[in-house]
Amino acid sequence: MRIVFIFVCVLCVASLILCMSEADAQVDVFVYTQTTQWIGQPAAQAEADILIDMIEGAKGIGNVVNDPANALAEWTEKHTVKKGQHLIVLFGDIPPEIYPVGNAKPEGSIAEEFLDAGNTFSNSADYFFWGLGNRNAEGGLQNMMDIPGILQWDDDTPMKVTPEGEKLTPTLKDYACDRPFHIDQIANGWELEIAFATNTGKADGATRCDPCIIRHTETGARLIQVYQTANQDDPKGEVIAEIILNYYLETVGAQAVEPEEKLPVLWGNIKTRR
């Protein structure tokens with residue numbers, strides 16, 4: 001009987017430790033603004049500052065850094081953990097430090113290893129993984145997703161806010177996107193997880209989306225696209241933060257937030273736009 005009692009106690013302690021570990025899970029965020037595409041570096045930094053102000057210190061958020069490219073490779077490798085759900089935020093450029101110039105390493109780059117482990121990239125202001133000055137072109141996204149034919153064209157595609165977008169991203173309004181995600185080209189384990197705006201105003205039947213989250217069903221990798229527009233003064237920082245605080249953290253299990261805690265806290269943190 002004593003042995004059984006000890007065994008049960010050990011199981012209870014192990015379960016408690018596991019639950020504590022899950023409850024304490026946190027998302028670290030690297031915000032990269034050193035090089036940008038369809039947004040000036042000062043403007044990208046202003047959006048990054050808004051984003052950081054809104055998410056820093058929130059439940060489920062760990063360390064938030066806004067460092068240059070020479071720190072990104074080490075950070076990315078350190079955070080390449082299975083289903084870590086850590087996040088790199090880009091403003092139109094993915095630097096060669098994590099994805100070599102000209103798709104020189106189409107498989108196994110630091111960036112791809114990070115993504116394939118079950119982590120996340122967010123991108124705004126130009127084509128996902130295109131690279132500054134046509135550095136990677138279409139091959140960047142195609143290699144990172146392992147979908148040879150996927151593209152992100154269509155200038156001025158009307159985006160209508162979905163019901164999910166109205167609820168979770170209150171700053172988001174209808175607008176025109178220049179590089180939407182092509183939902184109809186997603187394949188190889190990727191799926192549309194949630195659409196905050198689409199060409200139809202709903203997820204079902206839509207062929208284009210932005211903002212939205214694309215998720216890999218096996219690895220848990222995610223791509224978050226927010227305002228891939230050319231030189232537009234969109235509220236990128238606010239909407240990225242709303243997606244993180246009102247959807248992403250709870251979805252990935254990082255300190256689940258009760259519904260009544262979401263939007264009031266978020267709106268209280270919004271800064272006056274620069």
Side-chain angles (χ1 to χ4, degrees), residues 31-52 66 69 87-96 98-99 101-103 111 120-145 147 149-162 165 169 171-186 192 195-201 206-214 223-244 273-274:
V31 183
Y32 177 74
T33 57
Q34 185 179 3
T35 55
T36 61
Q37 282 276 86
W38 281 343
I39 184 173
Q41 198 280 330
Q45 188 60 56
E47 296 298 335
D49 291 343
I50 291 169
L51 166 63
I52 293 168
N66 180 202
L87 173 62
I88 296 175
V89 178
L90 306 172
F91 287 89
D93 185 36
I94 181 169
I98 61 172
Y99 186 87
V101 175
N103 306 298
T120 302
F121 280 96
S122 169
N123 184 64
S124 303
D126 205 1
Y127 203 118
F128 230 126
F129 305 130
W130 183 272
L132 187 61
N134 198 39
R135 191 192 298 122
N136 310 316
E138 295 92 337
L141 182 65
Q142 293 170 356
N143 291 330
M144 288 288 286
M145 296 187 77
I147 303 177
I150 195 165
L151 299 169
Q152 288 198 313
W153 300 120
D154 307 328
D155 287 349
D156 297 320
T157 300
M159 289 289 115
K160 300 177 182 179
V161 179
T162 65
T169 53
T171 300
L172 180 65
K173 307 301 178 188
D174 294 353
Y175 77 105
C177 176
D178 297 313
R179 298 292 182 265
F181 235 116
H182 290 206
I183 303 170
D184 53 349
Q185 292 183 322
I186 296 171
L192 174 64
F196 304 97
T198 71
N199 60 315
T200 64
T207 58
R208 304 288 184 268
C209 66
D210 183 344
C212 56
I213 300 179
I214 310 300
L223 298 176
I224 304 175
Q225 176 165 313
V226 182
Y227 287 119
Q228 289 196 170
T229 55
N231 303 304
Q232 289 183 192
D233 185 23
D234 307 306
K236 301 175 181 69
E238 286 98 329
V239 174
I240 297 169
E242 289 171 356
I243 290 171
I244 293 171
R273 287 188 57 79
R274 296 165 175 81

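Side chains of Ser124 and Ile240 form a contact here, defined as non-hydrogen atoms less than 4.5 Å apart. Counting only heavy atoms from C-beta outward, the side chains of Leu87 and Ser122 approach each other to under 4.5 Å. Side-chain contact between Leu223 and Asn123: absent, with no pair of heavy atoms (C-beta onward) separated by less than 4.5 Å. For the pair Glu238 and Leu172, the minimum side-chain heavy-atom distance is 4.5 Å or more. Counting only heavy atoms from C-beta outward, the side chains of Asp49 and Gln45 approach each other to under 4.5 Å. With contacts defined as side-chain heavy-atom distances shorter than 4.5 Å, the pair Phe129/Leu90 qualifies. Side-chain contact between Gln37 and Leu132 is present, with heavy atoms from C-beta onward closer than 4.5 Å. Put simply, the side chain of Ile88 does not reach to within 4.5 Å of the side chain of Thr120, judged on heavy atoms.
Centroid-to-centroid, the aromatic rings of Phe128 and Phe121 stay 6.0 Å apart or farther.
Although no hydrogens or angles enter the test, the distance criterion places no donor-acceptor pair under 3.5 Å between the side chain of Asp156 and the main chain of Ala176. The main-chain N or O of Ala195 is found under 3.5 Å from a side-chain atom of Thr162 such that the two form a donor-acceptor pair.
A ring-ring contact (aromatic ring centres under 6.0 Å, His included) with Trp130 holds for exactly one of Trp153, Trp38, Tyr99; it is Trp153. Of the listed residues (Asp155, Asp154, Thr157), just one forms a side chain to side chain donor-acceptor pair (under 3.5 Å) with Arg179, and that residue is Asp155.
Counting only residues at least two apart or in different chains, salt bridge (Lys or Arg N to Asp or Glu O under 4.0 Å) contacts with residues 128-142 comprise Asp93-Arg135.
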